Amino acid sequence: MIDVETEGLDPETDRVIEIAAALVQSYAEGRITSIVGKAYGLQDPGRPLTPKIAVLTGLSDAKLEGQAIDIGKVTAVIARADAILAHGAQFDAGFVRRLLPGVAHLPWVCSLNDIDWRGHGFDGRSLGHLLMQQSLFARKAHTAGDDVTATINLLATVLPNGRTVLAEALANAQVTTIRIDVEGETFDAKADLKRRGYRFDWSRKLWSSEVGELEADYEESWITRHYPRLRVRRTLITWHERYC
């Protein structure tokens with residue numbers, strides 16, 4: 001599993017300033033048996049941190065000055081994994097693929113989105129909150145090393161259905177889904193799309209929803225029936241593409 005702290009939100013322009021990774025071994029049923037590898041690094045972004053990032057991460061320009069992540073060492077640890085897991089993988093994946101091209105082939109698992117937390121009776125999804133609801137302690141958030149430790153502790157916990165969080169996340173991540181993209185003049189349709197679970201993707205400027213393969217035909221039929229001027233595009237999504 002992995003966590004990065006960054007100087008901003010855009011993986012194309014902002015840089016990773018802290019990275020922590022742990023390689024864990026588990027039984028087939030998702031029970032963690034040991035930590036078999038670790039990697040950590042700080043990176044000088046070459047420009048001052050904003051006050052907000054400094055407060056959020058606990059890092060400073062002085063602490064980062066002259067620091068450089070050992071790309072080869074971190075890559076060597078992560079490349080031994082079958083998959084990369086993060087709590088909020090959509091964020092981490094973009095930065096990790098750019099920083100560590102040697103692990104870009106690995107699939108991703110998200111302990112935030114690949115678990116139906118509310119369906120299991122939890123009333124929040126943040127890492128610290130999920131641990132707190134199970135009487136576990138998480139240190140300061142947004143510190144890469146502490147977040148990785150907290151994620152390992154979360155993955156080892158058992159859900160009400162008797163499965164570990166790791167087992168459930170792995171199983172859900174590997175389910176193939178269909179992403180339905182809706183393009184065109186969507187202003188009149190946006191209320192209906194929201195009600196059906198679509199979200200607006202600001203980077204691609206369209207409405208999108210990820211559904212099961214059996215639901216995809218129904219969704220496309222519903223949209224073309226009610227809003228025939230809109231264009232519908234379907235994309236097969238595996239755990240290799242989900243967090244791209």
Side-chain angles (χ1 to χ4, degrees), residues 8-14 30 82-98 104-127 129-130 133 154-155 159-244:
L9 301 177
D10 188 345
E12 297 299 321
T13 59
D14 296 317
D82 296 317
I84 305 174
L85 184 146
H87 195 75
Q90 190 71 61
F91 176 83
D92 295 80
F95 284 96
V96 170
R97 287 192 178 97
R98 186 164 177 256
H105 63 287
L106 291 174
W108 281 77
V109 183
C110 182
S111 54
L112 176 71
N113 292 312
D114 289 331
I115 300 284
D116 181 8
W117 291 109
R118 293 193 184 279
H120 285 300
F122 294 85
D123 60 9
R125 300 193 306 160
S126 71
L127 184 56
H129 192 77
L130 290 168
Q133 288 186 92
L154 179 66
L155 296 175
L159 295 166
N161 63 6
R163 303 173 81 183
T164 66
V165 171
L166 177 58
E168 183 118 329
L170 283 170
N172 290 341
Q174 293 178 73
V175 173
T176 298
T177 56
I178 303 294
R179 189 183 69 217
I180 303 290
D181 292 331
V182 183
E183 301 174 296
E185 296 297 326
T186 57
F187 182 81
D188 292 339
K190 67 179 184 179
D192 282 337
L193 292 173
K194 282 183 179 180
R195 279 193 291 270
R196 298 184 72 81
Y198 286 78
R199 294 183 179 182
F200 192 74
D201 185 329
W202 289 98
S203 63
R204 296 185 297 140
K205 301 295 188 288
L206 49 75
W207 289 87
S208 181
S209 180
E210 199 173 319
V211 299
E213 294 183 85
L214 295 178
E215 301 170 80
D217 288 340
Y218 180 77
E219 281 300 311
E220 183 171 358
S221 173
W222 185 91
I223 292 168
T224 54
R225 186 170 66 252
H226 290 85
Y227 298 97
R229 293 185 179 182
L230 297 181
R231 300 182 301 278
V232 178
R233 187 171 71 246
R234 298 162 59 141
T235 304
L236 188 71
I237 301 294
T238 72
W239 64 339
H240 287 275
E241 296 90 23
R242 186 163 292 114
Y243 300 111
C244 288

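Quick caveat, the model's predicted, so the values are computed rather than measured.
The shortest distance between side-chain heavy atoms of Gln133 and Trp117 does not fall below 4.5 Å. By the 4.5 Å heavy-atom criterion applied to side chains, Glu241 and Arg179 are not counted as neighbours. Using a 4.5 Å heavy-atom threshold, the side chains of Glu210 and Arg242 count as touching. Residues Val182 and Tyr198 have side chains in contact (heavy-atom distance under 4.5 Å, counting atoms from C-beta outward).
Note that CG of Leu159 and CZ of Phe122 are 6.0 Å apart. Values are rounded to the nearest 0.5 Å. For the atom pair CG of Leu166 and CG of Asp114, the computed distance is 11.5 Å after rounding to the nearest 0.5 Å. Remark: Asp14 CG to Leu9 CG distance equals 7.0 Å, nearest 0.5 Å. Rounded to the nearest 0.5 angstrom, Leu106 CG and His240 NE2 are separated by 8.0 Å. Glu219 contributes atom CD, which lies 12.5 Å from atom CG of Leu214 (distance to the nearest 0.5 angstrom). In this structure, the separation between CD on Glu215 and CD1 on Ile180 is 9.5 Å, given to the nearest 0.5 Å.
Closest non-hydrogen pair, Ala189 versus Leu230, comes out as CB-CD1, 3.9 Å. Of all non-hydrogen atoms in Thr176 and Thr238, the two that sit nearest each other are OG1-CG2, 4.2 Å. Across Ile223 and Val232, no two heavy atoms sit closer than the pair CG2-CG2, 3.6 Å. Between Gly124 and His129, the shortest heavy-atom distance links the atoms CA-CD2, 3.7 Å. Taking all atoms of both residues into account, the shortest heavy-atom contact from Ala173 to Trp239 is O-CB, 3.1 Å. Taking every heavy atom of both residues into account, Ser209 and Gly197 meet most closely at OG-O, 3.9 Å.
Taking 4.0 Å as the cut-off between side-chain N and carboxylate O, Asp181 and Arg204 count as a salt-bridged pair.
Using modelled atom types and a 3.5 Å distance limit, the side chains of Glu185 and Tyr227 yield no donor-acceptor pair. Between the side chains of Asp201 and Ser208, not a single donor N or O lies within less than 3.5 Å of an accepting N or O. If you check the side chains of Asn113 and Tyr243, you find no donor sitting under 3.5 Å from an acceptor.
For the salt bridge (Lys or Arg N to Asp or Glu O under 4.0 Å) criterion with Asp192, the lone passing option out of Lys190, Arg195, Lys194 is Arg195.
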From CA spacing to verdict: side chain to side chain contact (heavy atoms under 4.5 Å, CB included), Asp217, Trp222: CA-CA 9 Å; Asp217 288 340; Trp222 185 91; over 6 Å; no
Audit row: Thr177, Glu213, side chain to side chain contact (heavy atoms under 4.5 Å, CB included) steps and yes/no: CA-CA 6 Å; Thr177 56; Glu213 294 183 85; over 6 Å; no
CA sep, side-chain torsions, deciding dist, call: Leu127, Leu154, side chain to side chain contact (heavy atoms under 4.5 Å, CB included): CA-CA 8 Å; Leu127 184 56; Leu154 179 66; 3.7 Å; yes
Worked check of side chain to side chain contact (heavy atoms under 4.5 Å, CB included) between Glu168 and Asn161: CA-CA 10 Å; Glu168 183 118 329; Asn161 63 6; 2.9 Å; yes
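The aromatic rings of Trp202 and Phe200 sit perpendicular, their planes meeting at an angle over 60°, well past the 30° parallel limit.
Here the side chain of Gln174 pairs a donor or acceptor atom with the backbone of Leu170 at under 3.5 angstrom.
Within the structure, side chain to side chain donor-acceptor pair (under 3.5 Å) pairs that include any residue of residues 87-98 comprise His87-Ser111 (at least two apart or interchain).
Around CZ of Arg229, the count of heavy atoms belonging to other residues, nucleotides or ligands within 6.0 Å does not exceed 12.
With sequence neighbours excluded, the residues satisfying side chain to side chain donor-acceptor pair (under 3.5 Å) with Trp207 are Thr186.
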